[in-house]
Every structure is written in C-alpha cells, then in structure tokens.
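As the structure lists them, so they are numbered: ligands from 1, and atoms in each ligand from 1.
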Amino acid sequence: MISPKIATSLNQQVQLEAESSQIYLAMASWAEVEGYNGIADFLFKHSDEERIHMLKLIKFINERGGHGIIPALPQPAQKYKGIRPLFEQVLNHEIHVSEEINKLVDICLKEKDYTTHNFLQWYVSEQIEEEALARRVIDKLKLIGDDKGGLYLFDRDIVTIEVSLKSEKGGRG
Ligand code: FEO
C-alpha cells in the first residue's frame with residue numbers, strides 16, 4: 001500500500017509523462033507538416049513511449065492501493081523555430097523530467113517506501129538513455145550547422161542514431 005504522499009507524488013509524475021507525450025506529439029506533427037518525415041516518425045515514436053511511461057505509473061499506483069489520476073493537459077506549442085531549437089527543447093525537457101524522477105526517489109527514501117523506490121529505478125535508467133539520445137541528436141545537428149543537404153540526410157538517418165546508441169549500450173527495456 002502506498003501512502004497518500006507517495007500517491008500524490010506519483011500522480012504528479014503521471015502528469016509530467018502525459019505532458020511529455022503531448023509535447024512530442026505536437027513537435028512530430030509540426031515536423032511532418034514541414035516535410036521532415038524522419039524526424040516526425042522519431043518524435044511520434046517518442047510520444048508513444050512517453051504514454052507508456054505514464055501508463056506504467058498509473059498501473060503501479062492502482063496496484064499499490066492508490067488511484068492513478070488522468071490529468072488535464074496544457075496545449076503544447078504548435079510551431080517551432082527550427083530543428084535544432086526543437087531538440088534543445090527536448091533535452092531541456094528530459095533534464096527536467098530526470099530532476100523530477102530524482103525528487104521522487106528522494107521522497108521514497110524519506111518515506112521508507114522501498115517498493116516504490118525499486119519501481120522507480122526503471123525510470124532512473126530510462127532518463128539516462130533519454131538524455132543521452134537528445135544530446136547525441138544535438139551533437140549531430142551542431143555538426144550539420146546550416147547545411148541544408150546535411151539536414152536532409154539527418155532527417156533520413158535519424159532513426160539510426162537511436163539504434164547505434166542502443167547497440168553501444170547493449171539495448172534497453
Ligand atoms: Fe518519460 Fe522522456 O520522460
């Protein structure tokens with residue numbers, strides 16, 4: 001059984017994961033309209049992953065005697081200044097998510113809730129991967145600079161950035 005304090009904290013994380021899914025969905029839709037189909041697919045997939053992060057939390061809260069609350073969500077931005085600012089926003093957002101996960105871990109230790117602490121370790125690992133992926137994407141974009149041809153190839157090859165990161169780290173799951 002989780003305490004009301006842990007349930008409230010986990011539900012705040014449900015909201016953040018849901019917001020992440022919405023933000024990446026808005027980014028994906030913008031990228032698709034702008035003709036960046038590879039980047040759009042990458043972001044649509046990440047939006048789906050955030051939804052899975054949210055669902056895992058809801059199921060855990062309910063299994064542990066709490067109530068996973070489905071939050072109202074703010075509307076994300078509809079337009080973005082470019083591909084590099086978009087991915088810088090992704091990285092900043094993921095850093096924020098990591099900070100919130102760390103705060104949750106800290107609350108669990110203070111409350112001596114080792115079950116939830118154990119459950120959250122998956123999120124701790126996931127955040128290391130998500131931040132690394134965003135940094136890798138930004139590094140590539142820095143190399144490309146204003147080269148339109150480079151951006152064309154980046155859009156085509158973005159899927160391979162994630163695959164190569166996973167193979168270097170032996171996959172995740
Ligand atoms: Fe589920 Fe990207 O944080």
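The distance from the CD1 atom of Ile6 to the CE atom of Met1 is 12.5 Å, given to the nearest 0.5 Å.
Closest approach between atom 1 (Fe) of ligand 1 and any N/O/S atom of His53 involves ND1. No other N/O/S atom of Glu50 lies as close to atom 2 (Fe) of ligand 1 as OE2 does. Atom OE1 is the N/O/S atom of Glu130 found closest to atom 2 (Fe) of ligand 1.
Looking at Asp155, its side chain never comes within 3.5 Å of a backbone N or O of Ala40 through a donor-acceptor pair. Judged purely by atom type and a 3.5 angstrom limit, Gln121 uses its side chain to pair as donor or acceptor with the backbone of His117.
By the 6.0 Å contact criterion, CG on Asp139 is enclosed, its count of non-hydrogen atoms from other residues, nucleotides or ligands being greater than 12.
Residue Glu17: an N/O/S atom is found under 2.8 Å from atom 1 (Fe) of ligand 1.
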